[in-house]
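Here you go, one structure.
What you are looking at is a predicted structure, and each value in this text was computed from that prediction instead of being measured.
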Amino acid sequence: MHSTYGLGQCLRPPASQPLTARSIVLPTHCSSGFARRCIRLPARKKQGRQSCCPAIQAAKIKPAYNKYRSRYDIDQDYIKQWKEVTARDREPKTVTPWSFLWFVPIFIKYHVIPGQIRYAWWLVWSAMLVARYQIRKMLILQGAKLDIQLMKASKQVEAPTFSCSLVLQRLHGHVSLLDTLKYRLQLLQGQPKQQ
């Protein structure tokens, strides 16, 4: 984009540059033999839409004096500003019955019960959830086999099969236990309706 000749530098805007960019030619006395240098001045920026909140405008501007200060001093100023912003949280909060009921179990869980016991309970609870899922899956598959036996008993179809999608809906709780019982009663009566 820019070409350099010896020690003198000539910066010319390309032909696609808008007309708002200006070039000024200044005479120079240099040892490279060039009698002048082109200096390109940037176009004036348009004023964009300003934010309605002065705090947001101030947050976008980094103060110039930060350039000459240490990082530690700048961090301390930010900490001080944060403490001033959050000073309202230091006021004592009133205790309501709802906040007390919410606080007590959490306090007991994290401050009364030791961490080792909480971890041991988590291991037991996780194993119980896995076992519960396995038992539920086994019961639902047994229920599908029961549906086939009920179809055979009612002599409704010659080669009864069960629906995999219905089994998955039962497994993931999309079909209630009451709907399943109604479905089985209809199978016994010989007139099943789709669940």
> What's the verdict on side chain to side chain contact (heavy atoms under 4.5 Å, CB included) for L129 and Y133, showing C-alpha distance, side-chain angles and the deciding distance?
Replying inline: CA-CA 6 Å; L129 289 178; Y133 179 77; over 6 Å; no

> Is V130 reachable from V124 through a run of I, L, V, M, F, W or Y residues, each pair having side-chain heavy atoms under 4.5 Å apart?
Replying inline: no

> Going by heavy atoms in the side chains, are V175 and Y183 under 4.5 Å from each other?
Replying inline: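 Not in contact.
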
> Is V95 linked to F107 within one hydrophobic cluster, defined over Ile, Leu, Val, Met, Phe, Trp and Tyr using a side-chain heavy-atom separation of less than 4.5 Å?
Replying inline: yes

>> Measuring only between side-chain heavy atoms, which start at C-beta, is R71 closer than 4.5 Å to I74?
In response: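 Counting from C-beta outward, R71 and I74 do come under 4.5 Å.
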
>> Rounded at 0.5 Å granularity, tell me how far CD in Q149 sits from CG in L187.
In response: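 Q149 atom CD to L187 atom CG measures 11.5 Å (nearest 0.5 Å).
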
> How many angstroms lie between CD in Q142 and CG in D147, if you round to the nearest 0.5 Å?
Replying inline: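 Between Q142 CD and D147 CG, I get 11.5 Å after rounding to 0.5 Å.
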
> Same hydrophobic cluster for V167 and M138, using side-chain heavy-atom links shorter than 4.5 Å among ILVMFWY?
Replying inline: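 Different clusters: V167 never reaches M138 through Ile, Leu, Val, Met, Phe, Trp or Tyr contacts under 4.5 Å.
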
> Taking the side chain as C-beta and beyond, is there a heavy-atom pair between D73 and D77 under 4.5 Å?
Replying inline: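 A side-chain contact is absent here, since even the closest heavy-atom pair is not under 4.5 Å.
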
>> Tell me the closest heavy-atom pair linking L171 and R136, and the distance in Å.
In response: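 Looks like O-NE, 3.1 Å.
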
> Going from SG on C164 to CD on Q169, what distance comes out if it is rounded to the nearest 0.5 angstrom?
Replying inline: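 If we round to the nearest 0.5 Å, C164:SG and Q169:CD are 11.5 Å apart.
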
> Distance from L166 atom CG to H174 atom NE2, nearest 0.5 Å?
Replying inline: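 Answer for the CG-NE2 pair, L166 versus H174, is 12.0 Å.
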
> Taking atom NZ of K80 and atom CG of D75, what is their separation to the nearest 0.5 Å?
Replying inline: 14.5 Å

> Are L141 and I135 co-members of a hydrophobic cluster defined by side-chain heavy atoms under 4.5 Å apart?
Replying inline: no

>> Return the CD1 to CZ distance between I108 and F103, rounded to the nearest 0.5 Å.
In response: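 Taking CD1 in I108 and CZ in F103, the distance rounds to 9.0 Å.
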
> Looking at residues at least two apart in the chain, or sitting in another chain, which of them share a salt bridge (Lys or Arg N to Asp or Glu O under 4.0 Å) with R132?
Replying inline: none

>> I need the full list of side chain to side chain donor-acceptor pair (under 3.5 Å) pairs touching residues 98-124, with sequence neighbours left out, sorted by first then second residue.
In response: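 Passing the test, one end in residues 98-124: T96-S99.
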
> Can you tell me if R184 uses its side chain to pair, donor with acceptor, with the backbone of L150 under 3.5 Å?
Replying inline: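 No: the side chain of R184 does not pair with the backbone of L150.
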
